[in-house]
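Step one of this worksheet: look at the structure below.
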Amino acid sequence: WTISTAGSGVIYTWGHNHRGQLGGISGSKVKIPTISETLTKIFPQQISGGEQTLFAVTADGKVYAAGYGLSGRLGLGHSESTNTIQLLESIQHVVIRKVAVNSGGKHC
């Protein structure tokens with residue numbers, strides 16, 4: 001998948017989305033750049049992800065995740081996949097500045 005931002009702060013996403021890793025875009029294969037209203041709305045300072053996951057960090061240090069949730073890899077407290085970005089509630093008390101994702105195959 002690919003994410004791009006316009007000078008206005010609008011975020012576009014496209015590519016494979018079979019696990020919801022584009023964070024709110026419909027369809028398993030998004031073939032043209034499509035505005036991601038859910039990502040644009042949270043004003044992320046950083047976006048990172050793996051083949052089937054997406055993580056976004058906001059200026060106030062909150063982390064959001066979407067995509068393949070197997071074995072708790074999204075950090076949401078369950079093993080379900082999600083096709084909308086979800087706040088990582090368990091670390092809200094910590095200000096996060098950056099996330100790094102090591103992506104090999106199906107790993108996040």
Side-chain angles (χ1 to χ4, degrees):
W1 54 262
T2 304
I3 294 179
S4 178
T5 179
S8 63
V10 174
I11 297 173
Y12 295 86
T13 61
W14 64 97
H16 285 283
N17 190 38
H18 57 285
R19 300 288 189 182
Q21 63 266 40
L22 295 182
I25 302 295
S26 298
S28 63
K29 290 183 181 176
V30 180
K31 296 180 180 183
I32 60 170
T34 303
I35 294 173
S36 173
E37 292 180 20
T38 55
L39 283 172
T40 299
K41 194 181 303 183
I42 64 167
F43 303 107
Q45 301 299 299
Q46 185 211 4
I47 298 173
S48 185
E51 179 183 344
Q52 301 179 16
T53 59
L54 175 140
F55 296 89
V57 181
T58 59
D60 59 355
K62 294 191 178 353
V63 179
Y64 293 80
Y68 193 39
L70 182 69
S71 301
R73 67 184 70 199
L74 295 177
L76 296 172
H78 56 74
S79 294
E80 299 169 19
S81 297
T82 177
N83 61 3
T84 58
I85 54 172
Q86 303 289 316
L87 176 65
L88 272 70
E89 307 259 352
S90 62
I91 58 172
Q92 268 196 296
H93 63 286
V94 179
V95 176
I96 304 295
R97 295 290 176 220
K98 256 184 195 179
V99 293
V101 176
N102 181 0
S103 178
K106 305 287 187 250
H107 301 83
C108 80

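Residue His78 qualifies as enclosed at atom NE2: its count of foreign heavy atoms under 6.0 Å is above 12. The environment of CD in Gln92 is crowded: more than 12 heavy-atom neighbours from other residues, nucleotides or ligands sit within 6.0 Å.
In this structure, Val99 is not a member of the same hydrophobic cluster as Ile47, with clusters built from ILVMFWY side-chain heavy atoms closer than 4.5 Å. Side-chain heavy atoms closer than 4.5 Å link hydrophobic residues (I, L, V, M, F, W, Y) into clusters, and following such links, possibly through other members, connects Ile35 to Ile42. Residues Val30 and Ile3 are members of one and the same hydrophobic cluster, defined by side-chain heavy-atom contacts under 4.5 angstrom among Ile, Leu, Val, Met, Phe, Trp and Tyr. Under a hydrophobic clustering in which Ile, Leu, Val, Met, Phe, Trp and Tyr are joined whenever their side-chain heavy atoms come within less than 4.5 Å, directly or via other members, Leu39 and Tyr12 fall into the same cluster.
A heavy-atom distance below 4.5 Å is not found between the side chains of Ile96 and Lys62. Contact check for Thr58 versus Phe43: no side-chain heavy atoms found under the 4.5 Å cut-off. For the pair Leu88 and Leu76, the minimum side-chain heavy-atom distance is below 4.5 Å. Taking 4.5 Å as the limit, every side-chain heavy atom of Glu51 sits out of range of all side-chain heavy atoms of Gln21. Considering only heavy atoms from C-beta on, Leu22 stays 4.5 Å or farther from Leu54 through its side chain.
The shortest non-hydrogen separation linking Gly72 to Ser79 is N-OG, 3.4 Å.
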Practice prompt. Assess whether side chain to side chain contact (heavy atoms under 4.5 Å, CB included) is satisfied between Lys98 and Val57, documenting all intermediate values.
Written response: CA-CA 7 Å; Lys98 256 184 195 179; Val57 181; 5.9 Å; no
Discussion item. Pair Thr84, Thr38 - check side chain to side chain contact (heavy atoms under 4.5 Å, CB included), show working.
Written reply: CA-CA 8 Å; Thr84 58; Thr38 55; 5.5 Å; no
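Taking OG1 of Thr13 as the reference point, atom CD1 of Ile25 lies at 4.0 Å (rounded to 0.5 Å). Interatomic distance, OG of Ser81 versus CG of Leu74, reported as 7.0 Å (0.5 Å rounding). Summarising the geometry, atom OH belonging to Tyr68 is positioned 5.5 Å from atom CZ belonging to Arg73; distances are rounded to the nearest 0.5 Å.
Formation of a donor-acceptor pair under 3.5 Å by the Trp1 side chain with backbone atoms of Gln52 is not found in this model. For Thr53 (side chain) and Gly49 (main-chain N/O), no donor-acceptor pair under 3.5 Å exists by modelled atom type. Between the Ser36 side chain and the Thr34 main chain, no donor and acceptor come within less than 3.5 Å of each other. Within the 3.5 Å criterion, the main-chain N or O of Lys29 finds no donor-acceptor partner in the side chain of Asn17. Using a distance-only test at 3.5 Å, with no hydrogens or angles considered, no donor-acceptor pair links the side chain of Arg19 to the main chain of Ala66. One N or O on the side chain of Thr40 and one on the backbone of Ile11 form a donor-acceptor pair closer than 3.5 Å.
No side-chain donor-acceptor contact under 3.5 Å links Ser48 and Gln46.
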